[in-house]
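Contents: one structure, followed by commentary.
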Amino acid sequence: MLGRVLCTVLLVGALPSPAAASQGHISVILLGATGDLAKKYLWQGLFQLYMDQVSSGHSFTFHGAALAAQEEGQRLMFDVLKKLSCPPDEPPNRCAVLKDQFLKLSQYHQLKTAENYTALNREIETLLGQEGLKEAGRIFYFSVPPFAYTEIAQHISSSCRPPAGAWLRVVLEKPFGHDLESAQQLAAQLAGFFREEEMYRVDHYLGKQAVAHILPFRDQNRRFLDPIWNRHHVERVEVVLKETVDAKGRTSFYEQYGVIRDVLQNHLTEALMFLIMELPANVSSAQEVLQHKLQALQSLWGLDRSSAVLGQYQAYDSQVQEELQEARGRVSTTPTFAGVLIHSDSPRWEGIPFLLTSGKALDERVGYARVLFRNRAYCPQSGSLRDAGHSQCKPKQIIFYFGHGALGTPAVLVSRNLFQPAMPKDSWKEAEARSDLHILEQPLSDFYMYSPVKERDAYSVLISNIYHGRKDFFITTENLLASWAFWTPLLDSTSRQPPRLYPGGVENQQLLDFEMVSGGLAFTLAEPAELLSPSRHMPSDFRAIQSKFRQSPLVSAWAEDLISQLASDMEQAALSSVARSGHFHLALSGGSSPVGLFQRLARHHYSFPWQHTHVWLVDERCVPLTDGESNFQGLHRHLLQHVRVPYLNIHPMPVHLNQRLCVEEDGGAQLYAQDIVALVANASFDLVLLGVGTDGHTASLFPRSETGLEGAPGVVLTESPVKPHQRMSLSLPLINRARQVFVLVLGKGKHDITTLLSRVGHEPSKWPISGVSPSSGQLVWYVDYEALLG
Ligand code: BG6
C-alpha cells in the first residue's frame with residue numbers, strides 16, 4: 001500500500017519531481033506515535049520536515065508505531081495527523097497538497113513483539129525494492145518511557161538496522177537516568193546496541209531558537225564581545241525558567257525527579273554551557289562545540305548543600321497524596337523550586353556567580369539566559385540623558401529570551417549602552433523598540449531587540465537537525481555523564497532537606513527571594529511560621545547512629561551528616577598516623593559516592609595534614625588520566641587541586657604506559673605494587689576508603705573476577721561488566737592488610753545490596769565486598785539512612 005502511494009507521490013504528486021528520490025529514501029519510525037509528545041509536537045515537526053525537505057532529493061515514509069492493535073492505533077494516529085496545521089508562512093495551497101501527501105506516506109504499525117519489528121523491516125525493504133529506491137537512512141524516534149528503551153533498542157539493533165551504506169539515527173527523550181549511577185547504567189545498556197554517533201539524545205531547549213542562537217551570536221559579535229566576555233567585565237550570569245503551572249497530573253513523574261533533575265540538570269545547564277564555554281574557532285563544527293561544552297561542564301566547581309535554596313509549593317504534598325495514593329502525613333521533600341549558585345574555575349570565569357533558577361507555581365511563565373555586565377558609571381544627575389536607552393548608568397545586559405512572558409516570542413536583546421549587535425538578517429529581524437513594554441524591569445526601548453523571522457517550535461528545529469545529522473544539537477554520552485557527575489552530589493546532599501513551602505502564584509511575594517552569602521545561597525526572608533506544617537519538622541540535631549553491620553562498627557545518618565562525620569574521622573586517622581609515623585598513606589576510591597566527601601575535605605578540614613599525606617588510588621579505569629571517566633581526574637578536580645599535597649606524594653595508577661592502556665606486558669599493575677612496597681611500611685595502608693556497587697563489587701573487583709579476590713597481596717588488572725571494561729585495582733588481600741578500612745555506602749539505590757550484605761557471610765566471589773576483612777586492622781561501615789533503611 002505505502003509502495004503504491006510512494007510511487008504516486010513521487011510521480012504524480014504536485015511538488016516532488018521524479019528525481020526527488022535521487023538522494024535515497026528515509027524511513028522515519030515514531031515509537032509512541034499516539035502519545036502526548038507525539039500529538040503535541042512530534043508529528044507537527046515531522047510534517048514540517050517533510051514540507052522543508054520535499055525537494056531535497058530524499059523521499060520519505062513515516063511509520064507511526066505503538067503498542068495498540070492495528071485498527072485502534074491507526075485510528076488514534078490519524079486523528080492526530082488530520083489536525084496537523086499549516087505554518088503561517090506556507091502558501092495554503094502548497095501546504096494542503098503536502099499535507100495530503102504526508103498523510104498518504106504515513107502508516108501505523110503495532111510494534112510489540114520481535115516479529116513485529118522483523119515485519120516492519122521486511123516492509124521497508126520490500127517497499128524500497130518495488131520502487132527501486134536506494135536507502136539513505138532510518139530515524140527511530142523513541143517517544144516512550146525510558147524503561148522501554150532497552151527492549152526496543154534490542155529489537156531495532158537485531159532486526160531493524162538499515163543495510164550497510166545507509167545510516168541509523170535513534171532519537172531518545174529524557175529522563176536519561178536520575179543520577180550519575182543510573183545514567184551510567186542506561187548509557188552502558190544503550191551502548192550495547194548503538195554506536196555513539198547513532199544516538200541523538202534530545203534536550204528540547206537546544207532547539208529553542210534563542211538558545212540555539214547563543215553560539216552564533218557570540219561568534220558573529222566577537223569584535224564586541226571578546227574584550228568583555230570575562231570575569232573582569234561580567235558581574236553575573238543567570239539562567240531562569242519560571243513556570244505558573246504546577247506538577248498536578250504529573251506527580252508520579254515529578255515525585256521521583258523534582259525540579260533539579262527535571263530542568264536544571266538538563267535545560268538550564270545546557271543554556272549556561274553555551275554562555276560560558278570557550279568559543280570554538282569554528283562554531284559550525286559539531287565536534288569542536290561538543291568538546292568545548294564538555295570542558296566547560298568539567299570546569300564547574302562542585303556543589304554542596306549550601307549552594308542551593310529549595311522550595312515546594314504548598315499544595316504539592318496533597319497532590320502527591322491524592323495522585324499516588326500515599327498515606328496521609330507522608331511528607332515529600334521533592335523540591336518544586338530551586339535556586340543554585342555555580343562557579344567555574346576556568347581562568348575566564350573564576351569568581352563569577354552563575355545562578356540557575358526554576359520553579360513551578362510561580363507568578364509568571366518566562367525563561368531567559370542573561371549576562372549582566374558590571375557598570376562602572378555613576379550618574380549623579382537625573383534627566384533626559386540619564387533616562388535615554390544609551391545612558392551609561394542603565395544596567396548593561398545581553399538577554400537570550402526563550403519565549404512566553406511579556407514578549408511572547410523568542411528574542412535576543414542587547415542593552416543599547418553596550419553595542420548594536422550583528423544579527424543574521426535572513427533569520428532574525430529587528431523589533432520595534434517599545435517603551436510601554438518592560439522586560440526584566442527595564443523598558444524595551446533600552447534594548448536592541450531581535451526576534452526570529454520565522455518562529456519555529458523547538459521540536460521542528462531538532463527534527464531538522466536530526467535529518468541533517470547535526471550532533472551538536474544533542475546530548476552526547478560524555479556530556480550527559482559529566483552533567484550528572486556535577487549534579488549528583490547536590491541531589492544526594494539535599495535529598496532529605498525539607499524545602500521551604502510557598503503558597504504559589506503572586507502570593508509568593510518575596511518569600512522565594514534569595515541572596516549570595518558566604519559562598520552559598522540563602523533565602524532573604526525567614527520562613528513564616530504559618531506555612532510550616534508541624535509534620536514537616538525534621539529532627540535537626542539527630543546524631544549519627546552507632547551500631548554494628550556485619551559484625552563491624554556502623555555509622556549511619558542522613559548523607560550530608562554522614563559525610564561530615566566520615567571526613568572528621570578521616571582527619572582524625574590522618575593526624576594520629578602522622579603523629580605515630582610521620583606519614584599518612586591514604587588509598588581512595590573513585591565513582592560518585594566519594595565526591596561529596598572530597599569536597600568536604602577540601603573545604604572544611606584545614607587541619608588535615610596534607611603535607612604528610614600520600615594519596616593512592618584504590619582502583620582506576622583504563623582511560624587516559626585526562627579523561628572525564630578517570631578516577632584520578634575526579635579526585636584531582638574535587639580534592640587534590642584544592643589542597644597542598646606534595647607533588648611526589650600523589651600516586652595515580654599507571655594505566656597509561658607506552659601510549660596504550662592497561663596492557664598486561666607493560667606491567668603497570670606490578671609497577672604500582674612495587675611503589676606501594678617501596679613506600680608503604682609492610683604494604684599496609686593507614687586508611688583505605690572503599691565503596692560498594694549495586695552488584696556487590698568494591699574497588700574494581702567484580703563478582704566472579706578471575707584476579708584480585710585471593711592470592712598474594714598485589715595490584716591487578718580486572719574486567720568490569722560496565723564501560724570502561726578494563727580496570728586496575730588493589731587486590732582484596734592487599735586491602736585487607738590496611739590498618740583501617742572505611743566503606744562508604746550512599747543512596748536508596750544501594751538499599752538492596754546493603755540488605756543482602758547484612759545477611760550473607762564471607763563470599764567474595766559472589767560479592768567481593770563481603771571479602772573485606774582486615775587481618776589486623778579495623779573495618780568501619782558508613783552507610784546513610786537511605787541505603788540502610790530504603
Ligand atoms: C520539560 C519539563 O522538560 O520542560 C517540564 O519536564 C517543563 O516540567 C518543561 O515544564 C519546560 O519546557 P518549556 O518548553 O515549556 O519551557
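In listed order, ligands and their atoms are each counted from 1.
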Between the main-chain N or O of Leu303 and the side-chain N or O of Trp487, is there a donor-acceptor pair closer than 3.5 Å? no
Please determine if Lys99 forms a cation-pi arrangement with Phe102, meaning its NZ or CZ atom is less than 6.0 Å from the six-membered ring centre and no more than 45° off the ring axis. no
Taking only residues at least two apart or on different chains, which pairs with a member in residues 503-516 satisfy side chain to side chain donor-acceptor pair (under 3.5 Å)? Glu515-Thr524
What about the rings of Phe400 and Tyr368, do their centers lie closer together than 6.0 Å? no
Is there any protein N/O under 3.5 Å from an N/O of ligand 1, and what does the full list of such pairs look like?
residue  : atom   : partner : partner atom : Å
ligand 1 : 3 (O)  : Lys174  : NZ           : 3.1
ligand 1 : 3 (O)  : His267  : NE2          : 2.7
ligand 1 : 4 (O)  : His267  : NE2          : 3.3
ligand 1 : 6 (O)  : Lys174  : NZ           : 3.3
ligand 1 : 6 (O)  : Arg250  : NH2          : 2.9
ligand 1 : 6 (O)  : Asp262  : OD1          : 2.6
ligand 1 : 6 (O)  : Asp262  : OD2          : 3.4
ligand 1 : 8 (O)  : Arg250  : NH1          : 2.7
ligand 1 : 8 (O)  : Asp262  : OD2          : 2.5
ligand 1 : 8 (O)  : Lys360  : NZ           : 2.8
ligand 1 : 10 (O) : Glu243  : OE1          : 3.2
ligand 1 : 10 (O) : Glu243  : OE2          : 2.6
ligand 1 : 10 (O) : Lys360  : NZ           : 3.1
ligand 1 : 12 (O) : His204  : NE2          : 3.2
ligand 1 : 14 (O) : His204  : NE2          : 2.8
ligand 1 : 14 (O) : Lys208  : NZ           : 2.7
ligand 1 : 15 (O) : Arg365  : NH2          : 3.0
ligand 1 : 16 (O) : Tyr205  : OH           : 2.5

Can you list everything that forms a side chain to side chain donor-acceptor pair (under 3.5 Å) with Ser358? Sequence neighbours excluded, please. none
Let me check something: any side-chain donor-acceptor pairs from residues 189-198 under 3.5 Å, sequence neighbours excluded? List them with distances.
residue : atom : partner : partner atom : Å
Gln189  : OE1  : Thr150  : OG1          : 3.4
Arg195  : NE   : Glu197  : OE2          : 2.8
Arg195  : NH2  : Glu198  : OE2          : 3.3
Glu196  : OE1  : Thr477  : OG1          : 2.5
Glu196  : OE2  : Thr477  : N            : 3.0
Glu196  : OE2  : Thr477  : OG1          : 3.4
Glu198  : OE1  : Arg161  : NH2          : 2.9
Glu198  : OE1  : Arg195  : N            : 3.0
Glu198  : OE2  : Arg161  : NH1          : 2.9

